[in-house]
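Data first, discussion second: the structure below is written as structure tokens.
Numbering of residues begins at 1 and proceeds along the displayed sequence.
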Amino acid sequence: AKMGIKAGAIGNESATPSRLTMGVDEHLNRIIADFDSRLELHMKTIKELSGEIQELEKEDSELHAFISEQAYIQDRTQIEIRDIEKKLAALKASGNMAAFQKLSANIDTMRKKAAEAEKQIDKGFERQDEIAAGIAQKKKRIRELESMTAEVGDTKNRLVEFSAKKTALPEIKVSKHIQAGTRIVSPNCSMILNQSSGRCCIREFARQDKAAGSMVMHEIRIGEYPP
């Protein structure tokens with residue numbers, strides 16, 4: 001309880017020892033811890049997606065160079081094929097069949113080369129389409145995560161601001177009895193009662209320890225129940 005605890009009786013001899021937290025909003029702390037975990041996960045996922053996009057963009061750039069190379073091969077091969085076809089017509093007309101057959105074999109090889117280049121170009125374009133779709137999908141997911149991150153961060157900040165408006169009160173007022181073994185946790189320290197107490201007020205106090213270089217020390221004290 002952030003604003004302290006008021007109780008009649010706390011614990012008994014037959015029960016499991018109680019654990020009381022005073023001056024701390026544990027519920028809010030758990031919510032904030034959950035928000036922090038979600039924010040960390042979002043940022044990690046965004047970083048991973050950004051890395052995947054960079055890899056895809058690198059592959060796309062390499063594909064562009066590969067497609068350009070295959071297109072050049074295809075164009076040059078088509079030009080050479082047309083030149084050979086002109087020579088074939090002349091050789092056939094001259095009756096030089098040996099040279100004609102040799103060039104015919106060459107032109108078949110070149111046509112296969114041009115067809116293979118075209119096949120590689122088509123495959124390259126298909127992969128580029130897949131890459132473009134993958135990048136678009138990942139960018140969309142990044143935008144979604146960024147929006148969720150902003151929303152979670154805003155909610156977290158508003159909760160922290162709301163909580164900060166109330167000063168914590170690390171205090172427990174017991175009007176009847178508190179059992180030995182009870183664990184008490186405050187913002188800066190904790191203790192386990194070594195003996196039972198009747199009406200009392202338990203608080204966290206701060207003091208300067210001169211022996212430790214005026215360091216501020218915190219301790220939990222048990223005092224009289226306030227009038």
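For Ala168, the side-chain contact (heavy atoms from CB on, under 4.5 Å) partners two or more places apart in sequence, or in a different chain, are Lys2. In this view, Arg158 and Asp154 satisfy the salt bridge (charged side-chain N to carboxylate O under 4.0 Å, His left out) rule, not counting sequence neighbours. Under the salt bridge (charged side-chain N to carboxylate O under 4.0 Å, His left out) criterion, Glu48 pairs with no residue, sequence neighbours left out. Remark: Glu69 engages no residue in a side chain to side chain donor-acceptor pair (under 3.5 Å) (not counting sequence neighbours).
Applying the salt bridge (charged side-chain N to carboxylate O under 4.0 Å, His left out) test to residues at least two apart or on different chains, the pairs with a partner in residues 180-205 are Glu171-Arg203. For residues 218-227, the pairs satisfying salt bridge (charged side-chain N to carboxylate O under 4.0 Å, His left out) are Arg207-Glu219, Glu219-Arg221, with sequence neighbours left out. Listed by first and then second residue, the salt bridge (charged side-chain N to carboxylate O under 4.0 Å, His left out) pairs involving residues 114-126 amount to none (not counting sequence neighbours). Among residue pairs with one or both ends in residues 8-24, those qualifying as salt bridge (charged side-chain N to carboxylate O under 4.0 Å, His left out) are Arg19-Glu26; sequence neighbours excluded.
Around atom CD of Glu57, more than 12 heavy atoms belonging to other residues, nucleotides or ligands sit under 6.0 Å away. The 12-atom threshold is exceeded at NE2 of His218, counting heavy atoms of other residues, nucleotides or ligands nearer than 6.0 Å. Other residues, nucleotides and ligands contribute only 12 or fewer heavy atoms inside 6.0 Å of the OH atom of Tyr72.
Within the model, atoms CD of Glu144 and OG1 of Thr45 stand 12.0 Å from one another, a figure rounded to the nearest 0.5 Å. Taking CE of Met110 as the reference point, atom CD of Glu80 lies at 3.5 Å (rounded to 0.5 Å). How far CG of Asp60 is from CD of Gln128: 4.5 Å, rounded to the nearest 0.5 Å. In this structure, CD in Glu146 is found 9.0 Å from CZ in Arg143, a value given to the nearest 0.5 Å. The structure places NZ of Lys44 at 13.5 Å from CG of Leu145, a figure rounded to the nearest 0.5 Å. Distance check: Arg127 CZ to Glu62 CD gives 11.5 Å after rounding to the nearest 0.5 Å.
Annotation for Ser196 and Ala180: closest pair OG-N, 2.9 Å, computed over non-hydrogen atoms. Considering every non-hydrogen atom in both Ala114 and Thr77, the closest pair reads CB-CG2, 3.8 Å. Contact detail for Pro226 and Cys201: the closest heavy-atom pair is CD-CB, 3.9 Å. The heavy-atom pair separating Ala9 from Lys176 by the smallest distance is N-CB, 4.4 Å. Minimum interatomic distance between Pro187 and Gly23 (heavy atoms only, all atoms of both residues): CG-O, 3.4 Å.
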List the steps and the verdict of side chain to side chain contact (heavy atoms under 4.5 Å, CB included) for Asp75 and Gln78.
CA-CA 5 Å; Asp75 289 343; Gln78 292 291 356; 5.5 Å; no

Could you please spell out the steps behind the salt bridge (charged side-chain N to carboxylate O under 4.0 Å, His left out) verdict for Lys112 and Asp108?
CA-CA 6 Å; Lys112 290 178 181 178; Asp108 287 341; over 6 Å; no

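Residue Ile73 is not grouped with residue Phe66 when hydrophobic side chains (ILVMFWY) are merged at heavy-atom distances under 4.5 angstrom, including chains of intermediate members. Residues Val185 and Leu169 are members of separate hydrophobic clusters, defined by side-chain heavy-atom contacts under 4.5 angstrom among Ile, Leu, Val, Met, Phe, Trp and Tyr.
Counting side-chain heavy-atom gaps under 4.5 Å among Ile, Leu, Val, Met, Phe, Trp and Tyr, the cluster of Ile67 also holds Ile121, Phe125. Side-chain contacts under 4.5 Å among hydrophobic residues (ILVMFWY), followed directly or transitively, place Leu41 with no other residue at all. Chaining together hydrophobic side chains whose heavy atoms lie under 4.5 Å apart places Ile31 alongside Leu28, Ile32, Phe35, Leu39, Val152, Leu159, Val160. The other members of the hydrophobic cluster of Ile202, by chain and number, are Ile5, Ile10, Leu20, Met22, Ile172, Val174, Ile178, Ile184, Met191, Leu193, Ile220, Ile222 (side-chain heavy atoms under 4.5 Å, ILVMFWY only).
Side-chain contact between Ile53 and Ile142: present, with at least one pair of heavy atoms (C-beta onward) separated by less than 4.5 Å.
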